[in-house]
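Hydrogens, waters and symmetry mates play no part in the numbers below; they use all other heavy atoms, side chains included. Here is how names work: the chains are called A, B, and so on, in the same order as the sequence lines, proteins then strands, and each is numbered from 1. None of the values given here were measured: they were computed from a predicted structure.
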Protein chains: 2
Amino acid sequence: MKLYSMHSKFYVAVDCIIFGYDIAEKEIKLLLIKRSFEPAKGNWSLAGGFVNEDESLDAAASRVLSSLTGLKNVYMKQLHSYGEVKRDPEARVISTAYWSLIKIKDIDKELSDKNEAHWQSLKKLPKLIFDHKSMVDNAMSELQVQIKIKPVGFELLPEKFTLVQLFDLYEAIYQRTIDKRNFRKKIITMNILEKLDEKEKVTSKRGAYYFRFIKERYKKVVLGGFYFNLDVN
Amino acid sequence: MKLYSMHSKFYVAVDCIIFGYDIAEKEIKLLLIKRSFEPAKGNWSLAGGFVNEDESLDAAASRVLSSLTGLKNVYMKQLHSYGEVKRDPEARVISTAYWSLIKIKDIDKELSDKNEAHWQSLKKLPKLIFDHKSMVDNAMSELQVQIKIKPVGFELLPEKFTLVQLFDLYEAIYQRTIDKRNFRKKIITMNILEKLDEKEKVTSKRGAYYFRFIKERYKKVVLGGFYFNLDVN
DNA sequence: TTAATAAATGTAAAAAATACACTCTATAAT
DNA sequence: ATTATAGAGTGTATTTTTTACATTTATTAA
């Protein structure tokens, strides 16, 4: 049982880039915490944690996310592993980053407060520890790629949303203006949304119809060779 | 210096999915080795190795690739980290996979022979150890994505190549037939190739003109907002 | 009744993708 | 010298997709 004993062992951590969307402010936000231990205690950091003996990387990332937000089974993908020798000044730690999309209103406020977690606007991020800023940058690039080709935007919106809200979300992620009519045309043509009878009447007198993303419809059209694509001008 | 000492440490390895292209057989090949140590000694495996204390993940992957092929500074990207608890039956090992594109003729034959490395056709892969098969599948998917949107195909071809060779490479990676005229039209229009005066005259009497990929031209058009796209019918 | 505000809508033009079959060139065989 | 062969190379019309762009509609509060 010591076939590998001549090799070195390492601390392995996971870090989570947790994206949320603020509908009112039309902004992507990141869930950051004040680091609770040394080194760099008290500094802004991604949610992270060390991997345990009996859990996979994916499980560790889920645990970290869940311990901060109370959420399980949310959208989470592995991003990249960061393995520079000196990335953590304290010791050699290899970190696998995961990015995740959640609905801000779904988090357990008590839990996140206890862990000193705060939603920070992507546009004015504080300084982050270690290489966490480049993790965020890479995750944002990945989000910008995925939002065009997979229906991941709905992970950031409530069950019911208006086309204007969806449109604003896309503008926030693309970080540019897009054509409203072409956007609506394209998403409607995809036939993966259901229009509800209900209207959102807070932001306008006329009100905007709510829509719902129908995962089953999406799966069905994908089987028929459909490729999601919202790379609109 | 023991801030993290309550946490577990792990063996960390890298595995390399090394792709090559066989022009004559029009096939993508994988560089596999006969594993030289237990467990699973003698079985087919990806090129891999344990990470050392003083090297980054990227450096470890480069070392593994180089020790098997003699090659440095080739196309290599991190793919994914595999962290299932029981993925290696001997001990907990977390492995970060890298995929790489090389020119088969460039490898140091003596080195690769010594390591019992063999090029295997992707179409009839032998059984691989642990989770290496899923690493290969994931890498192949990634290659199929990247070949469409980045000029990575040229990494698999010699400096000089004919349009027929490039076309065959794309068919091999897409795993479907594509339209010859539309393909030629599209790649020529991109203006990133230089036509040479020389002809390849082995495979036909008439001969086919050699072309060369001009990286500088590619970089220039990218700055002008050009997006490489060879997703042709 | 009217003013105000955001939601919703359609069409024409341009660009890109697709489908498709014959000619050209060089050599080797007669 | 002529011809057969085999792979390299080429153009156009049609369809589909993308783009650009401005007015009308619905509701409420004044």
Side-chain angles (χ1 to χ4, degrees), chain A residues 23-26 147-149 157 160-172 174 176-212 221 224-233, chain B residues 23-26 147-149 157 160-172 174 176-212 221 224-233:
Chain A
I23 292 182
E25 301 202 22
K26 303 178 184 179
I147 194 80
K148 291 183 182 179
I149 58 174
L157 292 172
K160 296 184 297 187
F161 52 85
T162 69
L163 290 189
V164 176
Q165 290 168 347
L166 185 64
F167 171 81
D168 289 341
L169 170 65
Y170 268 78
E171 281 201 336
Y174 283 163
R176 60 176 173 83
T177 59
I178 56 188
D179 186 282
K180 189 169 53 156
R181 275 182 287 189
N182 292 340
F183 179 87
R184 292 176 76 107
K185 205 187 310 171
K186 212 162 175 185
I187 186 73
I188 291 298
T189 308
M190 288 184 183
N191 202 34
I192 58 179
L193 299 186
E194 178 183 57
K195 186 178 187 175
L196 307 181
D197 285 331
E198 203 183 342
K199 277 184 169 181
E200 190 273 342
K201 307 221 32 162
V202 177
T203 47
S204 82
K205 294 162 186 168
R206 178 177 177 177
Y209 281 104
Y210 277 122
F211 285 76
R212 212 161 61 84
V221 293
F226 162 82
Y227 287 92
F228 186 92
N229 183 309
L230 259 179
D231 193 0
V232 90
N233 69 307
Chain B
I23 292 181
E25 301 203 20
K26 303 179 185 181
I147 195 80
K148 292 184 182 179
I149 57 174
L157 292 172
K160 296 184 297 185
F161 52 85
T162 69
L163 290 189
V164 176
Q165 289 168 346
L166 186 64
F167 172 82
D168 289 342
L169 169 65
Y170 269 79
E171 282 201 335
Y174 285 163
R176 61 177 173 82
T177 60
I178 56 188
D179 186 280
K180 188 171 51 155
R181 277 183 286 190
N182 293 340
F183 179 87
R184 292 176 76 107
K185 205 187 309 172
K186 212 163 175 183
I187 187 72
I188 291 299
T189 308
M190 286 184 185
N191 202 35
I192 58 178
L193 299 186
E194 179 183 58
K195 186 178 187 174
L196 306 181
D197 286 331
E198 203 183 344
K199 278 184 168 180
E200 189 273 344
K201 307 220 30 162
V202 178
T203 47
S204 82
K205 295 162 185 166
R206 178 177 176 178
Y209 281 104
Y210 277 121
F211 286 76
R212 211 162 63 83
V221 293
F226 163 82
Y227 286 94
F228 186 93
N229 183 309
L230 259 179
D231 192 0
V232 90
N233 68 305

Flag side-chain contact, heavy atom, 4.5 Å: B/M190 against B/V221: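 No, too far: nothing below the 4.5 Å cut-off.
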Test item: A/F211 and A/T162 side chains (from C-beta on) under 4.5 Å apart, heavy atoms: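 Of all side-chain heavy-atom pairs linking A/T162 with A/F211, none is under 4.5 Å.
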Sugar-phosphate only, base, or nothing, as touched by B/T162 at under 4.0 Å among non-hydrogen atoms: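 Nothing: the residue B/T162, judged by heavy atoms under 4.0 Å, touches no strand.
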Starting at [atom1] of [X] and ending at [atom2] of [N], how long is that distance when rounded to a whole Å?
| X | N | atom1 | atom2 | answer |
| --- | --- | --- | --- | --- |
| B/M190 | C/dA16 | CE | P | 12 Å |
| B/Q165 | D/dG7 | CD | C1' | 13 Å |
| A/I188 | C/dT9 | CD1 | P | 8 Å |
| A/D197 | D/dA26 | CG | P | 16 Å |
| A/F167 | C/dT9 | CZ | P | 15 Å |
| B/F211 | D/dA8 | CZ | P | 12 Å |
| A/K195 | C/dA7 | NZ | P | 13 Å |
| B/R184 | C/dA17 | CZ | P | 19 Å |

Crowding at CZ, A/F228 (>12 non-hydrogen neighbours, <6.0 Å):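 Counting neighbours around CZ of A/F228, more than 12 heavy atoms of other residues, nucleotides or ligands fall under 6.0 Å, so yes.
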Heavy-atom neighbours of A/K199 NZ exceed 12 at 6.0 Å: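 Yes, NZ of A/K199 has more than 12 neighbouring heavy atoms, counting only those of other groups under 6.0 Å.
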Donor-acceptor under 3.5 Å (A/E200 side chain, A/F161 main chain):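 Pair absent, no side-chain N/O of A/E200 close to backbone of A/F161.
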Exam field: side chain B/K201 to backbone B/K205, donor-acceptor pair closer than 3.5 Å: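 Checking the backbone N and O of B/K205 against the side chain of B/K201, a donor-acceptor pair under 3.5 Å is found.
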B/F167 six-ring centre to B/K26 NZ/CZ under 6.0 Å and within 45° of normal: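 That pair does not qualify as a cation-pi contact.
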Salt bridge (charged side-chain N to carboxylate O under 4.0 Å, His left out) against B/R212, all qualifying residues, sequence neighbours excluded: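 Partners of B/R212 under the salt bridge (charged side-chain N to carboxylate O under 4.0 Å, His left out) test: B/E159, B/E194.
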Protein proximity profile, nucleotides 24-30 of chain C - base contact B, sugar-phosphate-only contact S, no contact -, cut-off 4.0 Å on heavy atoms: BBBB---
Base-contact (B) and sugar-phosphate-only (S) positions in nucleotides 15-23 of chain D, heavy-atom cut-off under 4.0 Å, - elsewhere: ---SBBBB-
Basic-acidic side-chain contact under 4.0 Å: A/R176, A/E171: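 Looking at A/E171 together with A/R176, the answer is no, because their closest N to O distance does not fall below 4.0 Å.
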